[in-house]
Amino acid sequence: MPHIDDETLALCALGEDVLDPAQRDHLAGCPACAATVRDLERVSARMRAPGTAPELVPPGPEVWARVHAELGLGDVPASQPPDQAPAPVTDQLATRRARRSWVPALVAACTALVLGLVGGVLWERRTLEPAETTVASATLDPLPDWAGSSGEAVLRTTADGRREIVVSVDAPAPEGTYREVWLLTPDVSGLVSLGVLESGEGRFDVPEGLDLAAYSVVDVSEEPLDGDPAHSSDSVVRGSLAT
Ligand SMILES: [Zn+2]
């Protein structure tokens, strides 16, 4: 079995129970993976202890190699940190200085690596959890007076169970008018206003209980500023919601 991936090891280090049995066996028998988890644990423990001065422990070479790769560092040997590389000058003071200069950088790099890995995992999880589910959509076609215009409507259910329609329209917008979004019955015997479309795109809540099987047509009208709440009969684009 190949080594366990970085994201999983980072979660392990954060105490999450993410290993399957095969991975657990691998971790028990693989010094490289185990060392990585230990190193990441040390970094994350340090990050979690507010106010405590960090005890700086050089991580194993494979962590350095990973940090090195992650940060795209230059020609430093990727297999070991600078102070473990053969030192051309064996002066104690120089070595100590070198250690002081790279250790905080390495801790910062490890921290960035852990945060990056964990952030990446959380991001993936978030994108996997559907906050909104697309239920139906409609291509909005132009009416004859509005040739060349186009639009789209997407019906979604939100995480808390509401229904909303996202409408986008690409059409010229004459001055002194505004756009209104409606749901119509196919024979136009019934219509419900969803609201004003301020820019090219807007989200509209569907009234609770409204039967979208009956009110299945999305319509966007051009409305004059005349104070009349009724549909102007000047539809720009229109389309039927389909699953
Ligand atoms: Zn391994």
Side-chain angles (χ1 to χ4, degrees), residues 1-134 156-161:
M1 147 169 204
H3 289 306
I4 301 167
D5 64 273
D6 293 345
E7 286 84 353
T8 306
L9 291 178
L11 285 173
C12 255
L14 292 174
E16 295 236 8
D17 183 20
V18 288
L19 297 183
D20 61 34
Q23 288 174 318
R24 212 167 289 139
D25 285 350
H26 175 90
L27 185 60
C30 174
C33 286
T36 301
V37 169
R38 276 197 307 277
D39 289 327
L40 292 173
E41 273 171 356
R42 276 200 289 271
V43 174
S44 88
R46 229 170 277 141
M47 287 162 58
R48 287 173 180 180
T52 51
E55 177 210 353
L56 301 175
V57 182
E62 64 288 334
V63 170
W64 177 252
R66 209 171 284 185
V67 167
H68 193 272
E70 188 84 8
L71 300 181
L73 300 179
D75 293 330
V76 183
S79 58
Q80 47 191 187
D83 87 320
Q84 289 174 15
V89 182
T90 52
D91 175 57
Q92 285 271 338
L93 186 60
T95 307
R96 231 176 291 142
R97 270 203 203 114
R99 181 186 293 269
R100 268 208 306 275
S101 66
W102 76 262
V103 166
L106 181 57
V107 169
C110 278
T111 303
L113 180 62
V114 170
L115 291 177
L117 291 174
V118 172
V121 169
L122 292 177
W123 174 256
E124 266 171 45
R125 280 192 185 168
R126 214 180 63 176
T127 52
L128 285 176
E129 285 167 15
E132 289 167 338
T133 310
T134 297
R156 296 164 161 173
T157 52
T158 62
D160 57 1

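Atoms within a ligand are numbered from 1 in the order they appear, just like the ligands themselves. Please read all numbers here as calculations on a predicted model, not as lab measurements.
Here the CG-CD1 distance, from L11 to I4, works out to 11.5 Å after rounding to the nearest 0.5 Å. For the atom pair CG (D17) and CZ (R24), the distance works out to 5.5 Å, reported to the nearest 0.5 Å. In this structure, L9 CG and L19 CG are separated by 8.0 Å, a value rounded to the nearest 0.5 Å. Here the CG-SG distance, from D6 to C12, works out to 12.0 Å after rounding to the nearest 0.5 Å.
Among the heteroatoms counted here (N, O or S) of H26, NE2 is the one nearest to the Zn ion (ligand 1). Of all the N, O or S atoms in H3, the one closest to the Zn ion (ligand 1) is ND1.
The SG atom of C33 and the SG atom of C30 subtend an angle of 110° at the Zn ion (ligand 1), given to the nearest 10 degrees.
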